[in-house]
Amino acid sequence: MQAGYKEYKQLNLPSIGQEILNKWQENNAFRKSIELREGEKPFVFYEGPPSANGMPGIHHVISRTLKDLVCRYKTMQGFHVKRKGGWDTHGLPVELGVEKELGIVKDDIGKKISIEEYNRKCREAVMRYKDKWDDLTRKMGYWVDLNDPYITFETKYIETVWWLLKTLYEKDLLYEDVSIQPYSPAAGTGLSSHELNQPGTYKDVKDTSCVAMFHAIRDQESHFLFDAAQSEEVFFMAWTTTPWTLPSNLGLAVGPNIDYVLVKTFNPYTHQPVNVVLAMALIGKYFKKEDENLPFEKYQATGKTLPWKILANFKGSELEQFSYEQLLPFPANKMDNSHSFKVLMGDFVTTEDGTGIVHMAPAFGADDFQIGKKYKIGILTLVDKQGKFVEGLGEFSGRFVKNYMDDPEYVDVNVDICVKLKKENRAFKIEKYEHSYPHCWRTDKPILYYPLDAWFIRTTALKDRMVELNKTVNWKPKSTGEGRFGNWLENMVDWNLSRSRFWGTPLPIWRTEDGKEEICIGSVDELRALSHKADQVLGVSNEKLIGDEPDLHKPYVDEIILVSSEGKPMKRVSDLIDVWFDSGAMPYAQWHFPFENQLTFSKNYPADFIAEGVDQTRGWFYTLHAIGSLVKETVIESLQKAGLPTDQVDGRAFRTVVSNGLVLDKNGNKMSKRLGNVVDPFATIENYGADATRWYLITNVSPWESMKFDIEGIREVQRKFFGTLYNTYQFFALYANVDGFRFQEDYIPVEQRPEIDRWILSTLNSLIVKVQAYFDDYEPTIAGRMIEDFVDEQLSNWYVRLCRRRFWKGDYEKDKICAYQTLYECIEAISMLMAPISPFFSDWLFLNLNEVTGKSSMQSVHHVLFPNPNDSAIDLALEKRMRLAQGVSSMVLSLRKKVNIKVRQPLQKILIPVLNPAMKEQLKEVEGLIKSEVNVKEVQYLTETDGFIKKRIKPNFIALGKKLGSRMKAVSQALAGFSQKDISDFEKEGNYNLSIENEHLILQINEVEITSEDVPGWTVAAKNGLTVALDVQVTRALVNEGYARELVNRIQKIRKDNGYELTDRILVKVTEAATLKEAITDFNDYIRAEILADNIELVPEITNGTEIEVNDIPLKVFVTKKA
RNA sequence: AGAUCCGUAGCUCAGCCUGGUUAGAGCACUACACUGAUAAUGUAGGGGUCAGCAGUUCAAAUCUGCUCGGGUCUACCA
């Protein structure tokens, strides 16, 4: 234990952070905080694994602060809160980073670099910034166990993932299918729907769109068109924003119930007469009303007018199976299929855009594919997986359909296709069209829809369960769960698991070449047994691939050959799985469940709490939730087998989820490296400390709202909150050291302490109630703001200010000890209340106190239990009347200001009109505080009988509103016209008869509000129904007292300037000044007591004294320390 | 294009759910004061058509509808 409280020169938050960090390290504070709660009720938290292949940013600080504060709070509440860290290590971000670094593209893998080598690079790259992350974790005070994290690339982790996959496979929830999927040519892989739903994937782009003209073929069915046109030039018009799909066109879809027209007109580009078919509703998009039926013979190529005329009307259904000529025939898209190039019926066709006729390229659109299948029109995939046209497409062969390679010389092939169509009289309108289009979340390149074989999880089969379970999840904010997440679940599609990449968890499915037999492997043992069998049956050599510590990654797993029941070799399908499955599997895989740690798992499932950014709504939150819902039964079975309880398992992976918002820069722009407005979290913590940073991030806005990050805000928090609290501590330490207060005396019961002590303790306990409630409700922002208000407004600006004298005046006896005990308790409680948010400063504060008093046996504030409110200390009436005192004081100070009388000048009295005895009682209790605070000698209460008060009456709108309705206005007016006598009659009777618009009304006294407004003849201030008048008369005695206090003040300043100790006694000489002599004589005792002088000597002349002024009177004083 | 959240002082935010008559706080700015907590503090001042319009109501920042502006999300819209 230390002798005295540490005192400091100034507040230095970063160095406090450093100091406490060292202390934590020495004491293993984090580990101990968990060990201390061993055996207590667990509170389960899951850490969403970050990927360490990028630098951490300030937005990571906010979500981690949030996680940390909840875990610290729950620990302080007595829960056992384990916090296992984790790393997300697979997936596209890593692979693309490595490709960039090595200067290769996907196609080079396996050619220029072996897969083995490539994956080794990925494994290295993924932990590239691990040190930085660990450093940030430490410095920001995020307590998470980094010694034993789960790592998604480890064999054990993958084994659990495989177990999950096998579970799904066996339930027929994992299947393979061909479908049109979002595909990223730049990344070389398909994407899942939730990858497509990452923020920012949809971007507005300007594409060349084109209305193409498909030449109709005259036959038995279609001849009426040609007859109506009296021409062979009849075209179907179809609009596309992706002209590159036109060579793959195999059909045109129309809405069966949509009205179409045949229009005679000219091609605006070639000026040839043409007849076109389009939806009637869309005529206006291509033709002007005033051009209708203009004489065709007057049409001029250069003219602004385009004559047109409707020749025929018909429904879409009448066009079924009409044939047309292939638009862009090439060797590569020659079709020998009688079903191709026909007009088809499509219910999805609308007349909102385009022409009402939809061009169908089954390879590149899901709708197209479906319809195409139905009508057997075939499929043309004329684009390869790199995104370029295949051979056999003439001048377009080998060209990228979009600029996937970042080629500055790239010429848009879409434009060239349009130009070709234009020249061939096959384009009616070509224009730039702006629309939003999905882009790959990693490469930022446009995706395309592409036919792929892929493995899917049948999430839709469990949709209802997922929706139901979601309703029982506590979402913060609620709207994210109901809206964003709820809608997402409602519109769920099956989860596309396949990724054709290299660095990821391989899909553990092996099959024979003919595809007849297939097996899903669910554990390493199973793989080992089967490969051993294959060694024997097939004579292959799997042995070396699957030793004690097998690497389950590519290329090794691909080399393992298994054997089917018929003795045929089975090879692994080439797919890897979506990296999001890895992270969604963490509740199980982090414990290597069910292979090990069943007990630990059962105690840590599901999570009570998780928190990440909103961007994870459709990412991690979804995959956790989906997997939890899908494997519920299997988890229960496994636990039962292990003889463990299962009542915790209901399919939810988490019970409460907090999604925090984006961090924007101070102007509200998204932070991005490109804009250079990213905030470096290390520098911020370095300069301002983690405490101020965390406090700012939490208290500025609710976590789920996007926050505008402004460094000024941290500065303000530092000054306003931490500065004030530091000052309060410093004040306490200063005097407690003088008096040797170490909380050794008997505890003085609260009810025996002075009013003001009882008040601050009551306020403190009320604060504890509220802070607990808000923390419990995951509303740390409000909790923090309340602590702030208490520290600034109540503790520092009222309690300490009013009690200052109690700490430095008088002997060390009961009142003083009360003051010390009270202030100590407040500071100590604050250190605990704020500990979850600002862990360093709070611990520093706690330890500074506790190292002297030894009140707590704990080594850290994070080991103690969170304060519980002492209900008996709460006295709401007291809190209320103190607010009254604060109000009165504030008004008196403002009156003093108005008449320019400084507070140091004592005044005789204030007058307060009281409307009832209760009010007077309330005020009387706090009278002493008011008097000393505003430096007046007495408080005089004016009652009605004094005849001084002028009252004002107004309706109590809430009470009267319902009763009066529309007569409210009239009553309000009537009351405004009340005389003083009317009001006092009303008060006397308790009710009043009012006649409004020939109607009699009886108003009750509680239906109006009566306040005092004025004390005639006095300067008054009024606020919230309270009025105060100040007696501004300054008598001679008061003037002298003012002088005395002024003199005391000057001499105190000299004491301080001379650097005397608080307890030093002094000798004082003062030059004689006529004006002051009386004051010094009359208030001699007072002055000496204040300045700790035995005597004040009045002398004619001082040669080497200090010159001072007392109320503009110059004089000299000479102060020396008494030997 | 739809869904959703948001729009209150120069800035950051309360208040809105549950309507009630002078719309608050902090920061910033200006002036004055205070000074044994002093890189603090107090008092005063300027600064708001509560985005706009319409409706409901005796009464609207608050409830409803529409419009505008911003964010986020949804979308296989050809």
Side-chain angles (χ1 to χ4, degrees), chain A residues 10-11 180-182 196-197 199 202 209 238-242 245 253 346 348-350 352-361 364-370 435-436 438 449 477 479-480 482-484 487-488 491 614-615 617-618 661-662 664 666 668 670 699-702 704-708 710 712-713 715-716 719-720 723-724 726-732 734-735 781-782 785 788-789 792-793 796-797 800-801 804-805 807-808 889-890 893-898 900 902-904 954-961 964-972 1049 1052-1053 1055-1056 1060 1062 1090:
Chain A
Q10 63 170 28
L11 173 64
I180 308 299
Q181 295 153 39
L196 214 54
N197 283 321
Y202 281 84
S209 76
W239 179 59
T240 180
T241 54
T242 51
T245 60
F348 58 89
V349 178
T350 67
E352 272 165 34
D353 264 318
T355 60
I357 303 178
V358 179
H359 135 69
M360 309 254 84
F364 306 117
D367 270 340
D368 309 35
F369 184 77
Q370 288 301 329
H435 61 151
S436 73
Y449 291 89
S479 58
T480 302
E482 284 171 358
R484 190 179 290 197
N487 290 340
W488 165 251
N491 300 315
V614 266
D615 51 338
T617 306
R618 295 187 168 86
L662 295 148
L664 310 168
K666 64 175 178 178
K670 230 176 184 166
T699 56
N700 187 45
V701 281
S702 286
W704 34 89
E705 299 199 37
S706 55
M707 86 138 21
K708 292 181 193 166
D710 188 358
E712 270 311 313
R715 234 176 246 151
E716 190 180 322
R719 223 178 36 234
K720 188 111 187 86
T724 307
Y726 159 83
N727 272 334
T728 306
Y729 165 75
Q730 188 72 357
F731 172 85
F732 168 81
L734 183 68
Y735 295 109
T781 306
I782 304 179
R785 286 175 180 171
E788 242 170 30
D789 177 77
D792 279 359
E793 302 303 321
S796 171
N797 267 331
V800 173
R801 194 151 60 88
R804 279 201 307 240
R805 284 181 71 84
F807 291 89
W808 49 266
S889 302
S890 152
L893 291 172
S894 102
L895 285 172
R896 275 179 170 277
K897 165 79 191 163
K898 208 177 271 173
N900 230 340
K902 59 176 82 174
V903 180
R904 210 175 287 126
K954 70 173 187 181
N956 177 347
F957 284 96
I958 299 174
L960 273 179
L964 294 182
S966 62
R967 290 165 297 179
M968 192 81 198
K969 263 186 184 150
V971 170
S972 187
N1049 169 255
Q1052 297 287 34
K1053 190 164 162 40
R1055 281 185 63 114
K1056 193 180 179 190
Y1060 296 165
L1062 290 168
E1090 289 292 315

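Below, chain A is the first sequence line, B the second, and so on; all start at residue 1. Note that the structure is a prediction, hence the values are computed from the model and not measured.
Using a 4.0 Å heavy-atom distance criterion, Ile958(A) is classed as a base contact. Nucleic acid contact for Asn1049(A): sugar-phosphate only, since backbone atoms but no base atoms lie under 4.0 Å from a heavy atom of the residue. If you check every strand for non-hydrogen atoms under 4.0 Å, Asn727(A) touches a base. Among the heavy atoms of the strands lying under 4.0 Å from Arg804(A) is at least one base atom, whether or not backbone atoms are also near. Note on Glu716(A): only backbone sugar-phosphate atoms sit closer than 4.0 angstrom, heavy atoms only; bases stay farther off. Contact annotation for Val971(A): no contact, since no heavy-atom pair falls under 4.0 Å across all strands. Within the 4.0 angstrom heavy-atom criterion, base atoms lie near Arg801(A). Across all strands, Tyr729(A) comes closer than 4.0 Å to no nucleic acid atom at all (heavy-atom distances).
Between Tyr726(A) and Ser890(A), the residue whose closest nucleotide on RNA chain B is further toward the 5' end is Tyr726(A).
Separation of the C1' atoms belonging to U64(B) and C13(B) is 27 Å when rounded to the nearest angstrom. Between C66(B) and A28(B), the two C1' atoms lie 37 Å apart (nearest whole Å). Rounded to whole Å, the separation between the C1' atoms of U43(B) and G48(B) comes to 23 Å.
Using a distance-only test at 3.5 Å, with no hydrogens or angles considered, no donor-acceptor pair links the side chain of Glu788(A) to the main chain of Glu793(A).
The side chain of Tyr449(A) lies closest to C76(B) when the candidates are C76(B), A78(B), A37(B). Here A78(B) is the nucleotide among A37(B), G20(B), A78(B) with the atom lying nearest to any side-chain atom of Trp239(A). Comparing U43(B), A37(B), A78(B) by their closest approach to the side chain of His359(A) singles out A78(B).
Atom pair Glu793(A):CD and G26(B):P shows a separation of 7 Å (rounding to whole Å applied).
Counting atom types as modelled, Ser796(A) pairs a side-chain N or O with a base atom of A37(B) as donor and acceptor under 3.5 Å.
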